[in-house]
Each structure stands twice: as structure tokens, then as C-alpha cells.
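Structure first, then comments.
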Amino acid sequence: MALLDLPPETVALIIGFLVEEDLPSLIVAQSVCRYFHAAIQNIFPNPSSRPGAPDEAREARIHPLLMSRFNTLFDSANCFPESVKRRFLDEDIYLPFRKLPWASTEATRAPYLRPEASWRNMSVTWGGPRITRVDVCAVLTVYGGTSMRYYQLGLPPAGLTMGLLWDFLLGETSIFNVATTKWELRLGEHLHSYDEWQELSDRASYPSRESIERLIKGGAEARHSVTLLTFAHMGCTGFSDDDYGDLWCAEPIGAEKPVLHEWTGTMLPPRRRF
């Protein structure tokens, strides 16, 4: 029996297996025929169309295709080999974009930077529960103290897509700028308590990274959440986009700007104070 003679549900199961086990072969298989191309394209942007997904019992993870093409945008430390001790950006927020495997030349970048490129509609997560909340925890250290800010990223009906994440990282917000030294997308975690976040900000001029990360927790309540944790350090020297010279500086692609919402209520029942 030829593969094309199999029921669509069986073909979908095979495609789902290849996503997990042999992603390069699945990408090549798109060129076999229109049927394969349509079936595979349906799986890539919509993990819920994969048989058995979304599965509340499974942990969400980064979409395997997006991880292979955009890994440095999920954790900026991926720009550097693990042997590098200090894996921080050095006044170059665009480095994670230039480190993308397809970003070396203008010719290789062009297909990806089209507004209609298919990757923009793909869900960042693969499997697991649907993401309904994205926390943005931004930490800025300057000479004199540390600022800790918390926001929630507005999600459209499509949820957290790669296009939304791209445009947010490059958008006109005060979160990401030349002072940014690191960012990390943490699946299945959220800010446990805004009160504790604010208390740490008030009592410590320079809170340690460990004390900040302890406030971002996983667990059953956070299964539908993602946290984007960012760190920045503002020194005495200035830096501007003009200092990048001829280096490529990525830009937002979408027409709609991502929306940030400030904290509007208690996340957990308020603790009794004396």
C-alpha cells in the first residue's frame, strides 16, 4: 500500500512522529507533493492538529522547527558556546538575531523577513496546554540601584506566535535596548507573587539573580504560562544604533505593535500583614 493511500489520520501520525524524530526529513518531504506539503504545513503552525495534542498531561516545549531556526531568540545565551563563562550580550541586542542560522547574508535573510513568511504564524510552543499568559519580568541595574518591572504581554486569539515574539523583542518598548545583557523564555513558569516581587525590589538595592529567579516558579498553576525574563545593565558610556556600522540590525516585521499590560491585581490571596 502506498503512503498516499493511507487514511489522513495515519499520515498525520507519521508526520507527528517525524517532527519528534527526524525534523530535517520532514522539511524535505514537503516537496514530495501537494498533499504532503499541505499536511505538513498544517502540523507546523498548529501543534493542536497533531494527534493527541494539546495534551494537558504533557509539558509544553519550544516548537522543534522554530528551535532549529530561531534558537538564539529563546535564550540569548545560546549565542555563545557553553565553554564561554560570561554568556552575556555586550551592548549588542541584535547579536541573537545575527546568530540565527539563516541570517548570515541578505540573500538568505530575505525569505524569512517577508511579512507573510509561514514561521510568523507558528505557535512558539509544541504540545502541552495552550499558553494563555506571558509574564515579562524586566530587571535593569544602574549605578545606584536596580529597577524591577513586571508586565503581561497581550495575546491575540492565535496565542504566542513566533511573529509576536519577534516583533516584541524588537519593538519600541523600554524593555529591550542596548543595555540588555540577557533574556530567556521560560515555559511553564510565571511570577508567583507580585507582592514578593515588589518587596524584593523595595528592600534590596542590588538583588541577586538567584533571588529574582526564585520568584518565578513552575507547578500546576503555571502550566499555561510563559515568562520572558530579561536583564539589563546601564553603564556610564553611551551607545547607539549608529555604533553598529555595517552590521545587520533586525527590525519588527508585523504591522501591529505588541501590547504590554501593567499589573492590575493580586495574583495570589494577599498575605496577612502585621
Side-chain angles (χ1 to χ4, degrees), residues 23 27 44-45 61-82 84 86-126 134 136-140 151 153 156 158-187 226-235 238-260:
L23 184 60
I27 295 173
F44 277 162
R61 61 190 180 95
I62 300 296
H63 194 300
L65 178 60
L66 296 178
M67 178 59 79
S68 70
R69 295 292 186 267
F70 298 90
N71 67 317
T72 52
L73 302 191
F74 303 121
D75 187 342
S76 62
N78 290 337
C79 290
F80 312 98
E82 293 187 3
V84 175
R86 189 179 183 278
R87 301 168 73 192
F88 298 106
L89 306 178
D90 187 12
E91 296 185 331
D92 188 359
I93 189 177
Y94 302 109
L95 180 63
F97 295 86
R98 291 198 301 274
K99 287 288 187 176
L100 295 173
W102 46 266
S104 58
T105 68
E106 183 176 354
T108 57
R109 292 194 297 264
Y112 285 86
L113 300 182
R114 296 176 296 114
E116 66 274 16
S118 60
W119 63 266
R120 291 188 51 79
N121 296 320
M122 292 185 182
S123 171
V124 167
T125 58
W126 178 267
V134 178
V136 180
C137 298
V139 181
L140 170 63
Y151 305 92
L153 179 63
L160 180 59
T161 63
M162 192 63 216
L164 175 60
L165 179 61
W166 175 285
D167 292 340
F168 176 60
L169 292 174
L170 294 167
E172 297 178 359
T173 71
S174 58
I175 304 298
F176 297 95
N177 51 52
V178 294
T180 301
T181 58
K182 187 184 189 315
W183 72 74
E184 179 184 0
L185 193 69
R186 305 171 66 141
L187 304 186
V226 168
T227 293
L228 185 61
L229 179 60
T230 78
F231 292 91
H233 184 274
M234 184 70 75
F239 198 86
S240 69
D241 286 350
D242 295 336
D243 296 320
Y244 290 108
D246 295 330
L247 295 176
W248 174 60
C249 296
E251 297 179 349
I253 299 174
E256 296 186 11
K257 296 182 179 180
V259 178
L260 282 178

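Atom CG of Leu95 and atom OG1 of Thr72 lie 8.0 Å apart (nearest 0.5 Å). Taken to the nearest 0.5 Å, the SG atom of Cys79 stands 8.5 Å off from the CG atom of Asp92. For the atom pair Met122 CE and Leu165 CG, the distance stands at 14.5 Å (nearest 0.5 Å). Expressed to the nearest 0.5 Å, how far CH2 of Trp126 lies from CG of Leu187 amounts to 14.5 Å. The distance from atom CH2 of Trp166 to atom CG of Leu66, rounded to the nearest 0.5 Å, is 12.0 Å. In this structure, the separation between NE2 on His233 and CZ on Phe88 is 11.0 Å, given to the nearest 0.5 Å.
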Val226/Arg186 under side-chain contact (heavy atoms from CB on, under 4.5 Å): CA gap, chis, key distance, verdict: CA-CA 6 Å; Val226 168; Arg186 305 171 66 141; over 6 Å; no
Derivation of the side-chain contact (heavy atoms from CB on, under 4.5 Å) call for Leu228 and Leu153: CA-CA 10 Å; Leu228 185 61; Leu153 179 63; over 6 Å; no
Test side-chain contact (heavy atoms from CB on, under 4.5 Å) applied to Leu169 and Phe97, step by step: CA-CA 10 Å; Leu169 292 174; Phe97 295 86; 3.9 Å; yes
Chi angles and distances behind the side-chain contact (heavy atoms from CB on, under 4.5 Å) call for Val139, Thr230: CA-CA 6 Å; Val139 181; Thr230 78; 5.9 Å; no
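Partners of Phe231 under the ring pair (Phe, Tyr, Trp, His ring centres under 6.0 Å) rule, at least two apart in sequence or in another chain, do not exist in this structure. For Glu116, the side chain to side chain donor-acceptor pair (under 3.5 Å) partners two or more places apart in sequence, or in a different chain, are Arg114. The side chain to side chain contact (heavy atoms under 4.5 Å, CB included) test applied to Ala103 returns Leu100, Arg109, Trp248, not counting sequence neighbours. Taking Asp75 as the reference, Lys182 meet the side chain to side chain donor-acceptor pair (under 3.5 Å) condition, with sequence neighbours excluded. In this structure, Ser104 has no side chain to side chain donor-acceptor pair (under 3.5 Å) partners at least two apart in sequence or on a different chain.
Here the closest non-hydrogen pair linking Arg69 and Trp102 is O-NE1, 3.0 Å. Pro101 and Ser68 get closest at one heavy-atom pair: CG-O, 3.7 Å. The two residues Ala117 and Pro111 make their nearest non-hydrogen contact at CB-O, 3.9 Å. Taking each heavy atom of Met162 and Val124 in turn, the nearest pair found is N-CG2, 3.7 Å.
In this structure a side-chain-to-backbone donor-acceptor pair under 3.5 Å is missing from Thr161 to Asn121. Put simply, the side chain of Thr227 never gets that close to the backbone of Leu229: no donor and acceptor are under 3.5 Å apart. Distance alone, capped at 3.5 Å, places no donor-acceptor pair between the Thr125 side chain and the Arg61 backbone. Here the side chain of Asn78 pairs a donor or acceptor atom with the backbone of Asn71 at under 3.5 angstrom. A donor-acceptor distance shorter than 3.5 angstrom exists from the side chain of Trp183 to the backbone of Leu73, with no hydrogens or angles considered.
Listed by first and then second residue, the salt bridge (charged side-chain N to carboxylate O under 4.0 Å, His left out) pairs involving residues 248-257 are Glu172-Lys257 (not counting sequence neighbours).
In this structure the side chain of Ser123 never reaches within 4.5 angstrom of the side chain of Leu160, judged on heavy atoms.
In summary, the aromatic rings of Phe70 and Trp119 are positioned with their centroids under 6.0 Å apart.
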